[in-house]
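Here is the structure we will look at, set down as structure tokens.
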Amino acid sequence: MHTLQTPPATPSINDLLQMYRALWRIRVFEGQVQRLAAAGEVPGFPHLSTGQEAVAVGVCAHLSPQDTLFTSHRGHGHVLAKGADIEATFAEILGRETGVCRGRGGSMHLVDAAHGVLGATGVVGGNLPLAAGAAWAAQARGEKHISVVFFGDGATGAGVFHETVNLAVLWKLPVLFVCENNGYAEFTSREEHSNVKHVSAFAAPYDLTAQTIDGNDVLAVYAAAGAAIAQLRRGDGPYLLECMTYRMAGHFVGDAQHYRSKEELAAVREKDPIERLKRHLLAQGVAQSELDSLGEQAKEEVQAAVERARVAPHPDPRTVGEYVYSAPSLAHVP
Amino acid sequence: MHTLQTPPATPSINDLLQMYRALWRIRVFEGQVQRLAAAGEVPGFPHLSTGQEAVAVGVCAHLSPQDTLFTSHRGHGHVLAKGADIEATFAEILGRETGVCRGRGGSMHLVDAAHGVLGATGVVGGNLPLAAGAAWAAQARGEKHISVVFFGDGATGAGVFHETVNLAVLWKLPVLFVCENNGYAEFTSREEHSNVKHVSAFAAPYDLTAQTIDGNDVLAVYAAAGAAIAQLRRGDGPYLLECMTYRMAGHFVGDAQHYRSKEELAAVREKDPIERLKRHLLAQGVAQSELDSLGEQAKEEVQAAVERARVAPHPDPRTVGEYVYSAPSLAHVP
Amino acid sequence: MSQTFIEILRRALDEELARDASVHLLGEDVAAGGAFGVTRGLAQKHGEQRVRNTPISEAAITGVATGAALCGLRPVLEIMFIDFATLALDCLVNQSAKYRYMSGGQLAVPMVVRTQAGAAGGAAAQHSQSLEAWFIHVPGLVVVAPSSPVEAYGLLKSAIRLGDPVLFIEHKRLYTMREDMPENPELPPIGKARIAREGKDVTLIAYSAMVNIALEAADELARAGISAEVLDLRTLLPLDMRTIAASVAKTHRVVIAHEAVQNGGVGAEIAARIGSELFDELDAPVTRVACPFVPIPFAPELERALLPGRDDIVRAARGLVHGQGH
Amino acid sequence: MSQTFIEILRRALDEELARDASVHLLGEDVAAGGAFGVTRGLAQKHGEQRVRNTPISEAAITGVATGAALCGLRPVLEIMFIDFATLALDCLVNQSAKYRYMSGGQLAVPMVVRTQAGAAGGAAAQHSQSLEAWFIHVPGLVVVAPSSPVEAYGLLKSAIRLGDPVLFIEHKRLYTMREDMPENPELPPIGKARIAREGKDVTLIAYSAMVNIALEAADELARAGISAEVLDLRTLLPLDMRTIAASVAKTHRVVIAHEAVQNGGVGAEIAARIGSELFDELDAPVTRVACPFVPIPFAPELERALLPGRDDIVRAARGLVHGQGH
Ligand SMILES: Cc1ncc(C[n+]2csc(CCOP(=O)(O)OP(=O)(O)O)c2C)c(N)n1
Ligand SMILES: Cc1ncc(C[n+]2csc(CCOP(=O)(O)OP(=O)(O)O)c2C)c(N)n1
Ligand SMILES: [Mg+2]
Ligand SMILES: [Mg+2]
């Protein structure tokens, strides 16, 4: 496992306040998904990123709209942190015509091309080579932007993770592999999935630069991601960033979580990334009131967007057959 | 990469003479395949193991018929070293009714269940999880025998290699992974396939015991395999043995080998495992004449078997539909 | 007292684990009960060695199950969604299905791959597919798709005991369906269809969750004075043409209904065989009711608009009986 | 002067690489010319950045091609044998095919997957399959299967320029087929079948290498006074029913021939559609000539016994014309 070459970037207080608000945005957003899912307003089975927000925020703080992002089944936070419109994202999760994918994709297949969100996959590991491919396209065109892919620790059980890492290293692709190691794959703990405790350990054989950090510390994520992305932009090849984190919610909305003890869940709350940034900012002399109002602003911003999404129109059933092919002539298949 | 726990087994002179003959058996066998393939007598596109015989012989010297073996597209040598009948094996490669698979399988799909040869695959990497499964069956039944799988360095590009290693370690399966690293995958060198020079390097993250050895030195293979198999029989989990070797022939019979220089091919001949064992035995005081006669015996033994195989009956076309299902009632599909 | 599809499947697995020591379960989270709870409690009862959790490695676990089957275990592998069977196809198609043949009869692969398929409630494009048609195109495989809890109970047991690689497809909408277990349920033979309802005017051929929809359609048709016979194929490979022929000889009209997209679906093979083998029996063209050629959308109203339903079958059957549609 | 299928394919790739900077080739050994020599010399001419070798990682390279296509490259991926496409299906089916739909039209996957299929000379069970039927069952994909070098030239160019994920299937037996390149060859549109030979008594529908066998059968039938029309489908998805209908309206008899196993094959879909859409046009049942339901054996005499040939088509056509067979 390598350590950082370049000194960690240090965010200004203002940057941190932005991130604080961004963390709250995701937290509130996921809370609304949970609430409405419980109320039966959300189709499918959404997976929440509650507790893992610092990874999304700390990494995406370094990205431009041209940088491409791929995420997984647990991608709401990444998409928001990348700049996708809150209302359009929520509308997609509700399956509305105003959703980013016009209600065709849903929670597990969020795409917002205008903001560089090129996709999410419901098949674990399936997003990894796509991100490498986007990086290849940038490399082939001599463009300077990079590709980022977020995935869970369970995805390292999938062969395509290893295939993709091998190819990315071989081709020196500007792709950042961000693993959110939350210690579980569905109901099964990491120990039962693999003898390999840290995902970053997979990097060594390839001479892939990698680091394991505390993914609940947004400052640590910001610093590590900054250094990693700097390396990528220099054209020095891929980077694997493992962020140790915790999922405060169930695997999906409705998961009874029999596999986790009360104590464990309590301990998880201790590590809440929002609380930790708050403590840091208070120590830096930021007023409690300012932080509270930032939280409030995020809450209002999201809730307003959610309410607009809830009253947005549903897709027209007559349009169900659109977007299958490039040309109508190809689409005439019964 | 770990080193051996147990002292290397030391073969007796007699063991070595057996191995010398076994090496010649494979060498002559492959020579006959090449000769008859060139003459158009061999269907398909056989892949020869010429130059890699020491791996097959050194490993299989430790195996009983109950131990299961899986090999790849380059498996003639492994199958013979495991004890399969020479004539039935050659007959299979000729597609005859007397072949081990009654001519249904061919060079890339050799099976000889009676000798524990449970299969070969034409799909690179496909044999690895099958071998792990055979090991699981032994473990589940509390049997002491082990499972061995031979594969090439190119197979480490396939995701299923990594999936299988992870599972084998997790389940502590008695499976020996034997990689024949001959530096090429078809026409492309290892360097172009992976940034990982040594396949054994993949073991470290899993805490899988692994070793890289000179695969053209049958003594080294015998010793390393002996120690590895001892560990397996103790129930201490899987082992990865990387054998550095060279393919003296083309990727398949007919390969023009534009991708290798005359010098490289000459250097390869320098490393001939048969020559090396011969030098060792002469140094041990074995008479040249004895070695020559062993070579001669192998040659005659194989050539006689080949000639019998060549005149063996072809499969009856009317039986083409047999062996698809367990019961005729299931097989009535037009 | 009635039980759900999931509970009855669990009972079948429990009994097979108890009956035969060579039966082993494996799959992602199966020791924790599985994503849908089918295997709940089985690891505790039969041991974690018999009911094993696996990593997210569809390719490897299918290979491991196949290798174990070659050595005489009878693995029952759970692939959580048939959409993920795409990751297991090399092994299933190139190895499991062909092993008996390629080895000239030396080896067999007595294995069952349980998987879950179909669309419901916004599972969206990658968790809703019906891909059974791929598997009926592969010599050496057997494909079973039960239509009810009790059917699933017997068919799963028959599949586990068969001796060939079986793809066992469970429709997610059936998981909550309830039925009473009969005293001593018979085990339906693999390869035999079932007449779910007798009729004389038109034959409705269906399988999996579509059987119940076909039965509803038959009720509706009865009200319109049309007597529909409903066939539950149960096994898609091999196909029970004898039962189909007997029904067509009686009704001379056929509607084939499945949830999979029509193009290249199982219905195509059935229609083609009826068209060639029973040409002179047909009074009207064989009609297929299936999903239009579109991925499954997320939004419920789009999903609903796409999926074939009772009314589509009724309309097709009426068309045939009243001579419309051709 | 005539050229082989391989040489003409190479020319098409060479010209597309020169025409459009977004076209890139990737696959195992493609920079070294590829396993069959199709890409020989292209890396030297267009650079290793445009013609890239890959590791043996079918899943990842299909994903990499798809991701690059999402960003506007036009990757042409070589999957050495269609048997190995089993390793790429998650990406092809769950991602490449559905991307345009799942994104609500925001993104597209302009990608061609070239692959090689079919049985010849003892390639055996894992290197001989014809699996095109799986792909016509997947909304979002396009499937092309050329029957000759010149056809392949135009169809490959049309496929590269299309803007959808295209599976381009090359039959190994066609690789050595020679043809003269016309002066300025037209590019056949995707989705349009071709009348390979005009006739009036019976329609022979085929694609890929089976077209040439159907043409031989037509010669043989002509000697027996039967005028056979031969259709070369060229595109299997979408199917050109208009051309098929026009021919059937003329001949009223149909034989569908392909090398893939019959059960669940492309012929099933074609037969089913003719049976329902052209029911009243048919004077005889649609007959399929295909491979029996058996894996491809290694031994040449077994392989030969299994593969459908000219005589099978002739027999089927005679049966229809002389009213046998039903
Ligand atoms: C190939 C595949 N197998 C199984 C599943 C079912 N599944 C959905 S999420 C999940 C666990 C993923 O764990 P991890 O990658 O750690 O992500 P996390 O859910 O912890 O964020 C599984 C097994 C899937 N979606 N894809
Ligand atoms: C999945 C898959 N992809 C591609 C091929 C074509 N192929 C056959 S052998 C081979 C090279 C294998 O290299 P390696 O594993 O090192 O074995 P070696 O031939 O060197 O013994 C390839 C790419 C294949 N058989 N299977
Ligand atoms: Mg996880
Ligand atoms: Mg090699």
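Quick note on labels: first sequence line is chain A, next is B, and so on, each numbered from 1.
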Which one of [options] has the most heavy-atom pairs closer than 4.5 Å to chain A?
options                        : value
C:P297, C:A305, C:A124, C:G121 : C:G121
C:C291, C:A125, C:P55, C:A35   : C:P55
C:E301, C:R288, C:E58, C:E28   : C:E301

task: Tell me, for C:S128 versus chain A, whether the close heavy atoms (under 4.5 Å) come from the side chain, the backbone, both or neither.
output: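 Answer is neither: C:S128 stays 4.5 Å or more from chain A.
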
field: Part of C:A123 within contact of chain A (heavy atom distance under 4.5 Å)
entry: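 For C:A123, heavy atoms of backbone and side chain both lie under 4.5 Å from chain A.
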
Note, C:H127 side chain near A:H73 side chain (heavy atom, < 4.5 Å):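 No - every pair of side-chain heavy atoms lies 4.5 Å or more apart.
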
field: Sub-4.5 Å side-chain heavy-atom contact between A:V123 and C:L87
entry: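 Result yes, sub-4.5 Å side-chain heavy-atom pair found.
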
What's the shortest heavy-atom distance between [X] and [Y], and which atoms?
X      : Y      : answer
A:E186 : C:D29  : OE1-OD2, 2.7 Å
A:G95  : C:A299 : O-CB, 3.4 Å
C:P295 : A:V324 : CD-CG2, 4.0 Å
C:V294 : A:G321 : CG2-CA, 3.9 Å
C:I56  : A:G154 : CD1-O, 3.6 Å

Taking side chain as everything from C-beta outward and backbone as N, CA, C, O, which of these in [X] sits under 4.5 Å from a heavy atom of chain C? Side chain, backbone, both or neither.
X      : result
A:D255 : neither
A:V124 : side chain
A:F187 : both
A:T188 : both
A:Y325 : side chain

field: C:Q126/A:T121 under side chain to side chain contact (heavy atoms under 4.5 Å, CB included): CA gap, chis, key distance, verdict
entry: CA-CA 8 Å; C:Q126 293 178 348; A:T121 176; 3.3 Å; yes

- prompt: With chain C, which of A:G105, A:S107, A:G126, A:G99 has the greatest number of heavy-atom pairs at distances under 4.5 Å?
  reply: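 Sorted descending by pairs with chain C, the first entry is A:G105.
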
Reported NE2-to-CG distance for the pair A:H314 and C:L302, which is rounded to 0.5 angstrom: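 If I round to the nearest 0.5 Å, the distance is 10.5 Å.
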
field: Nearest-0.5 Å distance, CE of residue A:M108 to CZ of residue C:F298
entry: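 Going from CE on A:M108 over to CZ on C:F298, the span is 8.5 Å.
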
